[in-house]
Amino acid sequence: MAQPAEGQGERRRVQRLALRLTATMRDGRNSRVRARVIDMSTHGCRIECTSPVDEDSWIWLSIAGLETQYCRVAWNCEEFIGLEFERPIAEAVFDKLLADQGQLPETAIRELRSIASRTHWLARKAGDEDIAILAELSRKCAVDAVIEGLRRGEAPKRR
C-alpha cells in the first residue's frame with residue numbers, strides 16, 4: 001500500500017492508502033450496486049461507482065472482511081465518491097485488512113493508471129467546483145501506481 005507523501009496539504013485526519021477492494025453500496029432508495037474501493041483510511045475511503053449519490057447523504061458500504069459501514073458522502077464527482085465512516089475502523093481491523101490485501105496485483109496497478117489518466121482528462125474539462133477533486137485524484141492514483149509498481153519491481157511507465 002502506498003505511503004503518504006511528505007508535506008502533502010490535504011485536510012484529512014488520516015492519510016488514505018491505495019487498495020483495490022470490491023464493495024457494494026446501498027443508499028436506502030436503490031438496491032445494492034457494485035463499487036470499487038480505490039483508497040482507504042480508518043476514517044473513510046474513496047470509491048468508484050456509477051450510481052449517483054447526493055453530497056452529504058448517508059449510504060451503507062459493504063466490504064468483505066469488514067462490518068458494513070454507515071458513511072456520509074463527503075463529495076462526489078463523476079463516478080468517484082469520497083466517503084467518511086460514521087465510526088472509524090479500529091486500527092487493528094484496518095491493519096488486518098491491509099495485511100490480507102497484500103501487494104497490489106498488476107491489474108490493480110493498471111487500474112490506478114487508468115483512473116489517473118481518466119481523471120486527468122476529466123479535470124481538464126471540469127468546472128471550477130470539480131477540478132481540484134479530479135486533479136487530486138489523478139495525482140494520487142498516478143503516485144500510488146508508481147509506488148506499487150516499484151514494490152512489484154517494475155520500472156515506472158514513461159508517457
Side-chain angles (χ1 to χ4, degrees), residues 1-25 33-51 53 59 61-67 69 71-85 87-126 129-159:
M1 285 32 58
Q3 296 301 312
E6 292 288 327
Q8 193 169 345
E10 284 194 43
R11 297 178 312 190
R12 66 185 71 264
R13 292 171 275 200
V14 181
Q15 186 63 34
R16 291 181 179 161
L17 301 176
L19 297 174
R20 279 319 256 180
L21 301 170
T22 328
T24 56
M25 182 185 78
V33 293
R34 288 184 157 265
R36 290 190 303 177
V37 178
I38 298 170
D39 57 30
M40 186 175 192
S41 75
T42 56
H43 286 77
C45 64
R46 186 169 13 215
I47 65 171
E48 182 179 17
C49 182
T50 57
S51 182
V53 292
I59 61 103
L61 185 70
S62 299
I63 301 170
L66 283 182
E67 185 177 289
Q69 298 295 311
C71 310
R72 182 181 71 84
V73 177
W75 59 266
N76 65 324
C77 186
E78 301 289 336
E79 67 265 29
F80 304 101
I81 304 167
L83 300 173
E84 178 182 18
F85 301 142
R87 289 185 334 240
I89 297 170
E91 286 286 337
V93 172
F94 187 64
D95 289 345
K96 180 168 180 357
L97 183 68
L98 292 175
D100 290 349
Q101 170 85 23
Q103 190 176 57
L104 286 183
E106 175 55 35
T107 55
I109 294 169
R110 278 195 303 271
E111 288 171 0
L112 284 170
R113 290 180 186 130
S114 174
I115 291 169
S117 178
R118 192 166 72 247
T119 52
H120 177 77
W121 181 82
L122 289 169
R124 291 177 43 182
K125 298 181 178 304
E129 69 280 357
D130 292 340
I131 194 166
I133 290 170
L134 291 165
E136 170 57 20
L137 179 53
S138 177
R139 185 202 65 75
K140 174 100 172 57
C141 287
V143 168
D144 287 347
V146 169
I147 290 170
E148 295 300 328
L150 290 171
R151 286 195 177 132
R152 292 188 60 80
E154 293 181 3
K157 301 281 187 215
R158 300 276 181 201
R159 289 188 184 222

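Computed over heavy atoms, backbone and side chain alike; hydrogens, waters and symmetry mates excluded.
To the nearest 0.5 Å, the span separating CZ on R151 from CD1 on I109 amounts to 10.0 Å. Note that CG of D144 is 10.0 Å distant from CD1 of I38, once rounded to the nearest 0.5 Å. The NE2 atom of H120 sits 11.0 Å away from the NZ atom of K125 when rounded to the nearest 0.5 Å.
Using a 4.5 Å cut-off on side-chain heavy atoms (C-beta onward), E111 and E48 make no contact. Contact annotation: the side chain of L104 approaches that of L112 to within less than 4.5 Å [non-hydrogen atoms, C-beta and beyond]. At least one side-chain heavy atom of R46 sits less than 4.5 Å from a side-chain heavy atom of W75. Looking at heavy atoms from C-beta onward, E148 lies out of side-chain contact with R152 at the 4.5 angstrom threshold. For the pair R20 and T107, the minimum side-chain heavy-atom distance is 4.5 Å or more. Counting heavy atoms from C-beta on, the side chains of L66 and L21 never come closer than 4.5 Å. Counting heavy atoms from C-beta on, the side chains of F85 and C45 come closer than 4.5 Å. T42 is not listed as a side-chain neighbour of V93, based on a closest heavy-atom distance of 4.5 Å or more.
Listed by chain and number, the residues in a salt bridge (charged side-chain N to carboxylate O under 4.0 Å, His left out) with E78 amount to none (sequence neighbours excluded). For E79, the salt bridge (charged side-chain N to carboxylate O under 4.0 Å, His left out) partners are R118, not counting sequence neighbours.
Scanning all heavy atoms of the two residues, the minimum distance from C71 to L61 falls at SG-CB, 4.0 Å. When all heavy atoms of I89 and S41 are compared, the closest pair comes out as CD1-O, 4.4 Å. Between A135 and A123, the shortest heavy-atom distance links the atoms N-CB, 3.9 Å. Contact detail for C49 and R34: the closest heavy-atom pair is SG-O, 3.4 Å. Pairing each heavy atom of V73 with each of N76, the nearest pair is CG1-CB, 4.4 Å. Annotation for L134 and C77: closest pair CG-SG, 3.5 Å, computed over non-hydrogen atoms.
For the side chain to side chain contact (heavy atoms under 4.5 Å, CB included) criterion with I47, the lone passing option out of I63, L83, D39, V53 is L83.
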